[in-house]
Every structure is written in C-alpha cells, then in structure tokens.
2 protein chains.
Amino acid sequence: MSIETDIKQKKFRSPYQRLALNLIYTSNWIQYQQVDGFREHDITSQQYNVLRILRGQYPSPIKVSDIAERMLDKNSNTSRLIDKLLAKKLVDRKSCPNDRRAVDVVITEAGLELLKKLDPVVDEWDNNMNAITHEEADLISSLLDKIRESKNNN
Amino acid sequence: MSIETDIKQKKFRSPYQRLALNLIYTSNWIQYQQVDGFREHDITSQQYNVLRILRGQYPSPIKVSDIAERMLDKNSNTSRLIDKLLAKKLVDRKSCPNDRRAVDVVITEAGLELLKKLDPVVDEWDNNMNAITHEEADLISSLLDKIRESKNNN
DNA sequence: ATACATATAATGTTGAAACATCTAATCAGT
DNA sequence: ACTGATTAGATGTTTCAACATTATATGTAT
C-alpha cells in the first residue's frame, strides 16, 4: 500500500517529507515483524543486534563501547543489554587485561547456536523484500547513505 | 557515510539485509534530529505526529481510533498521548454525540500556533535531504511502498 | 609525582512503550 | 427485546528507553 493510504495523508509538503515519513513508517513496519519473530526466542531486536555484532568478531572479544558504536540504535544502554544476555548465558563478560576500565564481551556457544537458529528466519524477512530487485535495494541503500552524508557536512 | 562505515559491518547476507539495516539506521537518525528539535518546544515526536494529523482534519474533529490508525507508530497509546496534549491545552476532547463510546479530538488555536512555529523547522530537516533529488526521493518512496505491499499479500 | 581532564562502564531515576485488562456503548442475530 | 460479540477508549502493570550521575581507570601536562 502506498504511504498515502497507510497513514491516510493525501498531501505532503515535499517529496522529502513524504520520504521521511515513509522511512520511519517502513522502519517501524520492519521492526514489528522482528519483535514478533524474536519473542518466541525470548530475545529483543536490540539483543539480537548485539549478538550479531559479537558473532562478527568471534572468537575475538569486543569492548562494550565498540559494541555501542556499531549498534543501529546509538542510544541503547549497552551495559544493561549485556546484563540481559549474560543472564541468558548467551555472552561472556570479563575485564579487559590491557585496560581495566574496559570490559571484554564474547558470544558463547549457546549464543552462536541461537543465531544459527535465527538466521533462516531473518533471511526470510529480508527476502520478503523481493518485490524489488537486488539492484533497486542497493540503489536505495546508496541514496540513504547520501542523505545522511550530506547532513554530517553541514 | 556508508552504512558499512556507520555500523562497521563489512559484509551483509544480501542487498536486502543491507537495506533493512540501512532503513532502520536512517529512520533512527531522522528521529534523533526530531527529538532534539522538539525538546525545546516541550513536545515529543509522537505528540507532534498527533497534532499534525489533527491539523489535517481541522476544523473537523477526529476520533481517537482514527488518529491511532494514521500514526506512524501504530502501537502508540493514543489515549495517553492525548492526555498529554490536553494538559498542555494543545487539543480539546469531548465525547462524540453520535457514538458515546467514541471521543472527538480537535486541535486548539494554541496547537495550531505551535505547529506553525514548527513548520519551518521541520521543512528544514526535510530539505536536508537535498543531497538527493525530488525524483530520487519519490523513487525511494515508491520502492518502499512496493516492499510493504508485497508482504501484505503473503 | 601530582593535578586535572578524559574514557569506560555501571547505576539511579524518570517517563514512556508494550501489553493486557477493564468498562461502557453499540451492533448483529435470533 | 435479549444475548453474545465487537468496538472504543481508558487504565494497570511491567519492562525498557532516555538521560544524568557516579565510580574507577587511564591519559596528559606541568
């Protein structure tokens, strides 16, 4: 459905405004799918995001601040997210030997297994985008990059 | 900056996955701007969203459920959002004469004035997208619509 | 070496989101 | 008209997000 129909707004102040609303709306739409899908695995999208970052580094540990830097939601409270993951034994945490302020985090076997189980589910969500081509997806990605880029140079 | 750099992830499982992450990331990025900008006006993005919906109907009233339907975040608790707006005297609320279950909401003069003050600010955010053209913005919008459309038909 | 600034993570607090439940009004079928 | 189902909105509760503050460790300049 067009964004006009979805939010029942006929006119926008500019194509940019329509795009901004569409981006937020579509992002929410994607995230609802995820929240629903992750619920039965007793994990949140943010926790999943952390686990995936940890897998990207595995078997190397990674500091809490580096995790925070890589998250989609830069405001998330990484300390407490890791508390939750630790309670579920999906990650290990130990003080970093080189810098006693820092804390090293590693994904556990159980964490890796959970991700493995979730991979096909997540792939399926992503592939639900196949109403557009790979090339179109890449085109959007590069245009979004361009949008964010320009603002940083203000 | 490219999404690869922003979230420091070099490889994605597919162009669709990169797009999904980019959409969420960019949506968050847009919303942070808004939260910051609205703060000094003592209003949240969601409250702003409600006010804009109300202005779209002005001077007609609109039911709470109709507001909920038009919101970007379909899960928001519209009742309590309107409580907040009422407390700031930005909206009026009265029982709907035709259906005593329903509640009619109208934006007040103060609400309209606030929106008027915010319009140039919001336009400026939207126009920060001018690293891409109007045509490119419309192209993205229509591709996003296509993505959501396909899922509804599953 | 000391003092001050910065970096890192944890914690405290407040308000909102998420979700379920509840009440009242309306509708639909008999 | 009566029953059950549905709709609309409000409210209760728990968890989480947002933001500020704190504690400790490290870096830097004198």
Side-chain angles (χ1 to χ4, degrees), chain A residues 24 27-29 31-50 53-54 61-88 91-106, chain B residues 24 27-40 42-50 53-54 61-88 91-106:
Chain A
I24 295 171
S27 166
N28 287 340
W29 179 85
Q31 291 183 82
Y32 292 147
Q33 286 188 293
Q34 295 188 348
V35 169
D36 277 354
F38 287 143
R39 183 173 298 128
E40 62 177 302
H41 298 280
D42 193 31
I43 197 178
T44 67
S45 313
Q46 297 230 343
Q47 289 170 11
Y48 174 75
N49 192 204
V50 171
I53 290 166
L54 292 173
I62 175 174
K63 291 192 296 173
V64 172
S65 56
D66 290 335
I67 297 172
E69 210 181 4
R70 294 175 193 205
M71 292 203 61
L72 295 174
D73 181 349
K74 301 298 188 198
N75 275 1
S76 35
N77 192 329
T78 317
S79 276
R80 276 194 268 239
L81 271 177
I82 291 170
D83 284 345
K84 298 280 166 56
L85 291 171
L86 196 66
K88 295 174 204 161
V91 304
D92 276 337
R93 178 168 64 181
K94 59 175 187 298
S95 176
C96 172
N98 307 332
D99 183 343
R100 280 188 302 165
R101 288 170 305 183
V103 170
D104 274 340
V105 183
V106 187
Chain B
I24 295 171
S27 166
N28 286 340
W29 179 85
I30 291 174
Q31 291 183 82
Y32 292 148
Q33 287 188 296
Q34 295 188 348
V35 169
D36 276 354
F38 287 142
R39 182 173 300 130
E40 63 176 301
D42 193 31
I43 197 179
T44 67
S45 312
Q46 297 231 343
Q47 288 169 13
Y48 173 76
N49 192 203
V50 171
I53 290 165
L54 291 173
I62 175 174
K63 291 192 298 170
V64 172
S65 55
D66 290 335
I67 297 172
E69 211 181 2
R70 294 175 194 206
M71 292 204 60
L72 295 174
D73 182 347
K74 302 298 187 198
N75 275 1
S76 31
N77 193 328
T78 316
S79 276
R80 278 195 264 238
L81 270 177
I82 290 169
D83 285 345
K84 296 282 164 57
L85 291 171
L86 196 66
K88 294 175 205 162
V91 304
D92 276 337
R93 178 168 63 179
K94 57 177 188 298
S95 177
C96 172
N98 307 332
D99 184 342
R100 281 187 302 163
R101 289 170 305 182
V103 170
D104 274 340
V105 183
V106 187

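Since this is a predicted model, take the numbers as computed values, not measurements. In what follows, every chain begins at residue 1, and chains take the letters A, B, ... in the order their sequences are listed.
- A distance of 11.5 Å separates CZ in B/Arg100 from SG in B/Cys96, rounded to the nearest 0.5 Å.
- Of all nucleotides in DNA chain C, those with any atom nearer than 4.0 Å to a heavy atom of chain A start and finish, going 5' to 3', at C/dA7 to C/dC19.
- Going from atom OH of B/Tyr48 over to atom CG of B/Leu72 covers 11.0 Å, rounded to the nearest 0.5 Å.
- Interface residues of residues 41-50 of chain A facing DNA chain C, ordered by number: none; criterion, heavy-atom separation under 4.0 Å.
- Looking only at side-chain heavy atoms (C-beta outward), A/Ile62 and A/Asp104 stay at 4.5 Å or farther from each other.
- Within the model, atoms OG1 of A/Thr44 and CG of A/Leu81 stand 6.0 Å from one another, a figure rounded to the nearest 0.5 Å.
- Residues satisfying the side-chain hydrogen bond (donor to acceptor under 3.5 Å, both in side chains) criterion with A/Arg93, sequence neighbours excluded, are A/Asp83.
- If you measure from atom CD of B/Gln31 to atom P of D/dA17, you get 14 Å, rounded to the nearest angstrom.
- With sequence neighbours excluded, the residues satisfying side chain to side chain contact (heavy atoms under 4.5 Å, CB included) with A/Arg101 are A/Asp99.
- Atoms CD and CH2, from A/Gln34 and A/Trp29 in turn, are 10.5 Å apart once rounded to the nearest 0.5 Å.
- Counting only residues at least two apart or on different chains, the side-chain hydrogen bond (donor to acceptor under 3.5 Å, both in side chains) pairs with a member in residues 61-72 of chain B are A/Lys8-B/Glu69, B/Gln57-B/Arg70.
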Contact string for nucleotides 19-26 of chain D, one letter per nucleotide 5' to 3', B = base within protein heavy-atom range under 4.0 Å, S = sugar-phosphate only, - = neither, reads B----BBS

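- Residues forming a salt bridge (Lys or Arg N to Asp or Glu O under 4.0 Å) with A/Arg80 (at least two apart in sequence, or on another chain): none.
- Each end of the helix from C/dA1-D/dT30 to C/dT30-D/dA1 yields a helix axis from five base pairs, and these two axes differ in direction by 30° (to the nearest 10 degrees).
- Under the side chain to side chain contact (heavy atoms under 4.5 Å, CB included) criterion, B/Lys84 pairs with B/Gln47, not counting sequence neighbours.
- Near DNA chain C, meaning a heavy atom under 4.0 Å away, there are no residues from residues 61-71 of chain B.
- Taking CD1 from B/Ile53 and OG1 from B/Thr78, the interatomic distance works out to 8.5 Å, rounded to the nearest 0.5 Å.
- Using a 4.5 Å heavy-atom threshold, the side chains of B/Ile82 and B/Ile67 count as touching.
- Judged as a salt bridge (charged side-chain N to carboxylate O under 4.0 Å, His left out), the pairs with a partner in residues 32-50 of chain A (not counting sequence neighbours) are, in order, A/Asp36-A/Arg39.
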Between B/Val50 and B/Leu85, is the side-chain contact (heavy atoms from CB on, under 4.5 Å) condition met? List the steps.
CA-CA 9 Å; B/Val50 171; B/Leu85 291 171; 3.6 Å; yes

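- In this structure, A/Asp92 has no side-chain hydrogen bond (donor to acceptor under 3.5 Å, both in side chains) partners at least two apart in sequence or on a different chain.
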